[in-house]
Structures are given as C-alpha cells and as structure tokens.
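Structure, as structure tokens:
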Amino acid sequence: MPRTIYYIDFDREKRNTAGAKAPDDIAEICRRAGYTKYTVPAYPKDKNKIYRKLWLLFGCTRWWRKLGRLLQDGDIVIYQHPLYGHRVTGRMVEKIHKKTRCSFFVFIHDLESLRGGVAGVVSANAATSQYSDNDMLMKFDAVICHNKRMHAYLVSRGYEENKLIDLEIFDYLTDAELKKQEKGDAPSIAIAGNLAIGKCPYIYSMFDAGHNAGLTVNLYGIGFQEDKASSNMIYHGSFKPEELPGHLKGDFGLVWDGTSAETCAGNTGEYLRYNNPHKTSLYLASGMPVVCWSQAAIADFVLENGVGITVDSLYQLEERIKNVTAEEYKQLADNAAKMAEKLRSGFYTLQAIERSAEKD
C-alpha cells in the first residue's frame, strides 16, 4: 500500500511579523508536494492557566489519538518543533510507535533550552524546554536540525548520529519581484525584524563613538524607537513577511543578534553559534547578499556558497563593505540570486525530508 505523508499544522493569524513565517512555509511546501495535512487546534493562549493545562492534557491527547487511528505501516508524520503539549507528544509518539510501524520526522525551529528565551518575546521555562528539546525529540525517527554545529551539539546531548539531518538553511516562500542587486555609491545595509531596543539594542549602538559615520541603515519591522535612532537610520515601515523581500534596500542584509554591537553577546547573541537565523533566508530570497557575525553557525553556509561576508564587530561594517570591490559584489549578488530561486522553491525543506526518508 502506498505510503502517506502527513504534516501537522494549524491555522495561524496573519500578521506583519515573521514569527510564524518559517513553520508556515514548511507547511505550504508540504502542501505543494502533495502531502496530507492533519489539522490541529491552535493553542488557547488567551485562556486562564488551569484551562490551558486541562486543554493540553485532554485536547492534545484527543487529536494525537485521532491521528494514531489514521496511521498505517510505512506512513510518515512531519512535525514542527516547538509546538505545544510536549509531554503529551512524547507519550503519544511512543504509543503510536508500539502499535504502528510509521515514522515521525521533526523540523527544529528553536531549541529553547539552548537559547534561554528572548526578552519580552519568548519566556524561558527551563523544565519544559529541557524535556521537549531532549527527551521528547529523541523519540522521533529523524530530527532535522539547522546545521552541522547544531548537529554536533545534539550529539553531545546524547542524540543518535543516524537520526540527525542538517537542513542547511530555511527556505523562504515569496512571489515578490526578484530585483537585480547593485552596490550603492555609499555603504548601506538592511535590518529586518523586531526593532525594539529591548530586543535588539545593537541597532541603536552601532554608531557609538563615531563608528560607521558614512553607513546608511534601512530598517523594516515593528518596535522602531525613533527617539533612540541615529540620523543614519531610515525607517521604511512594517510589511507582511511574504511581501517584505520586494521592499528591502541596501548592499547587504545584516544577520546579528544580542546586546552588543561589539560582538554577538547575551543569550540570543550566543545562540547564533548554533542556529540558522530566519532573516538570513529573507535577505537571500530577496537576492540580497548578507553580512553576518564571523562566529555564527550560518557564516559557514554564507561563505561556502559565496552569498555574503562576515565581520567580527558591527563597528567594522562601513569599512568592510567599502572594501568589497564592484566585481566581488557582482559575484556575491549573482550567487544570492541563484540561492533565492532555491529558497523560493522549498529546495532545502524537500531535500531534508528526502534525506530523512532515505535513513528511515
């Protein structure tokens, strides 16, 4: 009997933020590939704590049991982490495995036990994160992690080597026009995301002590604090994630995080040593080369594919961009445009699923 590939998904509210863009894209890529959607209810985050706990215990168990009754030998289930109901998920995956010879593949979006939360955005729950990132995920047949550095970290945590697949980079679906990228007369960058000073203080300190005096910074997203901004900054507003690639301006898209412009510091800055920041995919899907922290895990991909440059500190940005020749920039832009076609087609998502199935 032909194998059925299910993907677990739920309907999300559409907003002008990229928070759900990566999981939305993976679900859409699965739909386009002809996989079968298994719809689950959205988490009732607006309800009180007791209601949410009961909902997770009974509601989450109910839809997992329903899925279990659908599955037959040889079927595949694609799950995205983190979702919700981690302890129920871990228990139900074990139970279904005992009854049916099917396979569970999981895409990791974030390892909260490694990151440790995001100030004002994602709260840190150490006990839940430790269980979900370690015990629960180990029950899956294939774990699709970000890159070789996250791969090595997971092996150090006890994951079986043969269960791990490296995604390499997140895809980014968009129909926005892919414009020809040309280097400007003066150095410039684009920064997209949450622009609040509490989330990204580095944005507001990169011009300290006269640094980057000739650099233009084009900003896109929510939370921009004009009263803290430099005259070098141009705020362009907030756009839907699928439309944003058509609005970006700048020589390079900046991939950076943390509390400092000197280096990527703090928990979100240190996390760049292991994760694939989704904004890398945004810039490249726009055909825009990227500039990232030299110690970031994504720097390996950027340099190997010739789609950008690296810096140790944001205080080096202006000079580093100036030193890129017109010929060098043209090659970076050409490579980024080729990469854009891959990211817009779901190439890396489908490749990871295929590699997982080969190991299965």
Report yes or no: does [X] contribute a side-chain atom to a donor-acceptor pair with the main-chain N or O of [Y] at less than 3.5 Å?
| X | Y | result |
| --- | --- | --- |
| Y204 | Q225 | yes |
| N147 | Y274 | yes |
| D251 | G184 | yes |
| Y283 | L248 | no |
| T100 | C102 | no |
| D110 | E112 | no |
| D9 | A27 | no |
| N194 | G221 | no |
| T263 | A265 | no |
| S132 | S129 | yes |

Any donor-acceptor N or O pair under 3.5 Å, side chains [X], [Y]:
| X | Y | answer |
| --- | --- | --- |
| W293 | T310 | no |
| T349 | D171 | yes |
| H146 | D166 | no |

Lys/Arg N to Asp/Glu carboxylate O, [X] vs [Y], below 4.0 Å:
| X | Y | value |
| --- | --- | --- |
| R344 | E341 | no |
| E327 | K330 | no |
| E161 | K148 | no |
| R91 | E94 | no |
| D73 | R3 | no |

Indicate, with yes or no, if [Y] and [X] share a hydrophobic cluster defined by side-chain heavy-atom contacts under 4.5 Å among Ile, Leu, Val, Met, Phe, Trp and Tyr.
| X | Y | value |
| --- | --- | --- |
| L56 | V93 | yes |
| F207 | I321 | yes |
| V155 | M150 | yes |
| F347 | V302 | yes |
| F58 | V40 | no |

Cation-pi, [Y] ring and [X] (6.0 angstrom, 45 degrees):
| X | Y | value |
| --- | --- | --- |
| K47 | Y51 | yes |
| R87 | Y131 | yes |
| K21 | Y172 | yes |

Item to complete: Take Y6 and Y35, measure what ring pair (Phe, Tyr, Trp, His ring centres under 6.0 Å) needs, and give me the verdict at the end.
Response: CA-CA 6 Å; Y6 294 91; Y35 304 160; over 10 Å; no
Worksheet item: Looking at residues at least two apart in the chain, or sitting in another chain, which of them share a side chain to side chain contact (heavy atoms under 4.5 Å, CB included) with E328?
Response: V324, T325
Worksheet item: Taking the inter-plane angle between the rings of H278 and F170 on a 0 to 90° scale, is it parallel (under 30°), tilted (30 to 60°) or perpendicular (over 60°)?
Response: perpendicular
Item to complete: Taking the six-membered ring for Trp and the single ring otherwise, decide whether the centroids of Y159 and F140 are under 6.0 Å apart.
Response: no
Fill in: Verdict with reasoning, H81 to D133, per side-chain hydrogen bond (donor to acceptor under 3.5 Å, both in side chains)
CA-CA 9 Å; H81 173 75; D133 290 355; 2.8 Å; yes
Worksheet item: Can W55 and Y84 be said to form a ring pair (Phe, Tyr, Trp, His ring centres under 6.0 Å), step by step?
Response: CA-CA 11 Å; W55 187 91; Y84 56 66; 5.1 Å; yes
